[in-house]
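What follows is a single structure, written as C-alpha cells, with notes after it.
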Amino acid sequence: MIILGIETSCDETSVGIVEDGKRILSNVVYSQVKKHKEFGGVVPEIASREHTARIDSVLDDAISEAGISLSEIDAVSVTQGPGLIGSLLVGFSFSKALSLSLRKPLIGVNHLFAHLYTPELENEEVLYPAIGLIVSGGHTSIYYVKGPLEYENLSKTRDDAAGEVMDKIAKHLGLGYPGGPLIDELSKKGDSGSYSFPFPKIKDGSKDYSFSGIKSYALRIIEKEGNKLSLYDFLASFQAAIIEYLLKNVVFFIKEKKPKSLIISGGVSRNSLLREKGKEVAEKFNLKYYLSSPLLCTDNGAMIAGIAYHYYLKGLFIDYESSAFSRFEPKGFR
Ligand code: KG4
Ligand code: ZN
C-alpha cells in the first residue's frame, strides 16, 4: 500500500511517500526558514503564501524521487492539525483536490501523532509502551504510547513551546533565527552552571509544562546583567535549564507508567544536549531509546504518510466537508 503524505502545518512544505507505513520512498522537505529569518520568527501570512507557491513542485519532486506515478498512490493523507490555520488550509485544500482527482481516499492526520510515529520509519520493530516527548517550535507534549494510534496525552505546555522560547531569547539577543540551533552551538563554549533558573510550578499540581516563566526570567537576567552578561555562559545555563525541565516531567512519567522505551521527537530533538541527556535517562531506566535522524525530527511528509497507513487500516477516512483545525483535538478527532 503506497500512501502520499502532505505536511504544511508551519513553515515546511513537505510531501512524503511511504509504503506500508514503513518504507520511505521519498521525503521532500522545502524549508521556508530563509523567508522568515529577517522577522526572527515564522510570519503566518508569508508561510501560507510560500506553501501555495511551492506545494506543486514539492509534489512533483516527491513523485519523481519515489520513481512512481501518481496513479500508483493508494491514498492521500494530510496534516489536519494542529498548526497555523492558513498554512494548514493550503495543504488541506490541495490534498482534497488531489484525492478527488485521483479518486483515492483522504486521510486527515493529527500532526503530533505523526511525530510520535517517526521511530517506526527507522526501526524494523518499535518497543511499546513508550513515553514520547514531542518538542518543537510549536509544541511541547508528553504522551503514553501503546502503539501506532494508541496515544494518551500526559502533559502539554500551557503557554510557549520549548523551541519557541529558545527562538525568542535568541531573537532578543540579536543572534538570529532559528535560535535553537544557534543556542545549541554557542552553548558548547559556555559553563551551564553560571546562571541558575527556577523551575516553573503549575499551581494545580499537574505535570503540564509552562515555559513563559523561564523566558521572563531569562529576559530579566539579560536586562540586569547588561554589558556584563557572559553570553556563552548564559546560553549554556538557559539551554541546560530547558532540557532539565523537559526531562524532569519525562522521568516522572517513566516512573509512573513503567514503559519499555523512550521516544523524543520534534525540531528541538535535534538539540545535542537533549539527545545526550535523554540517552542518560533511557539508560538509567533501562529503556530502548528512539531518536530520529535530523530530517525526520523536523516537520516532514513521510511521518504523515507513515501513520496514515494505520488510519487506513482502521478505516479512518475523512470526507470533503471536513476542515483543518489550528487547535488540538476537537471532539472525536484521533
Ligand atoms: O519541528 P520544527 O521544525 O517546526 C515546528 O516548530 O513545528 O521545529 C523547529 C524548532 C525551532 O524552534 C528551532 O529553534 C528548534 O526546533 N531547533 C532546535 C535545534 N534545531 C532546531 N532547538 C534546539 N537545538 C537545536 N539543535
Ligand atoms: Zn511538528
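Position 1 is the first residue of the sequence, and the numbers go up from there. Whatever order the structure lists them in is the order used to number ligands and atoms, beginning at 1.
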**Message:** Over 60° means perpendicular and under 30° means parallel, so tell me whether Tyr312 and Phe317 are parallel, tilted or perpendicular.
**Reply:** perpendicular
**Tyr232: ring pair (Phe, Tyr, Trp, His ring centres under 6.0 Å) partners, not counting sequence neighbours** = none
**Request:** Give every protein N, O or S atom lying under 2.8 Å from the Zn ion (ligand 2), naming each by residue and atom.
**Result:** His111 NE2, His115 NE2, Asp299 OD1
Check each N or O atom of ligand 1 against all protein N or O atoms and list the pairs under 3.5 Å, with atom names and distances to 0.1 Å, one per line.
| unit_1 | atom_1 | unit_2 | atom_2 | d |
| --- | --- | --- | --- | --- |
| ligand 1 | 1 (O) | Gly267 | N | 3.1 |
| ligand 1 | 6 (O) | Gly137 | N | 2.7 |
| ligand 1 | 6 (O) | Gly138 | N | 3.3 |
| ligand 1 | 7 (O) | Asp299 | OD2 | 3.0 |
| ligand 1 | 12 (O) | Gly163 | O | 3.3 |
| ligand 1 | 12 (O) | Asp167 | OD2 | 2.7 |
| ligand 1 | 14 (O) | Asp167 | OD1 | 2.7 |
| ligand 1 | 14 (O) | Gly180 | N | 3.0 |
| ligand 1 | 24 (N) | Gly180 | O | 3.4 |
| ligand 1 | 24 (N) | Asn271 | ND2 | 3.0 |
| ligand 1 | 26 (N) | Asp184 | OD2 | 2.9 |

**Message:** Strictly by ring-ring contact (aromatic ring centres under 6.0 Å, His included), give each pair with a member in residues 18-46 just once, sequence neighbours left out.
**Reply:** none
**Item:** Aromatic plane relationship, Tyr245 with Phe199 - under 30° parallel, 30 to 60° tilted, over 60° perpendicular
**Value:** parallel
**Asked** Are Glu19 and Arg23 within salt-bridge range, i.e. N to O under 4.0 Å?
**Response** yes
**Request:** State whether a side-chain donor-acceptor pair under 3.5 Å links Asp160 with Ser212.
**Result:** no
**Asked** Should the pair Lys207-Glu256 be classified as a salt bridge under the 4.0 Å nitrogen-to-oxygen rule?
**Response** no
**Prompt:** In terms of side-chain geometry, is the basic nitrogen of Glu225 or Lys228 positioned less than 4.0 Å from the acidic oxygen of its partner?
**Reply:** no
**Residues Lys279 and Glu283 bridged, charged N to O under 4.0 Å** = yes
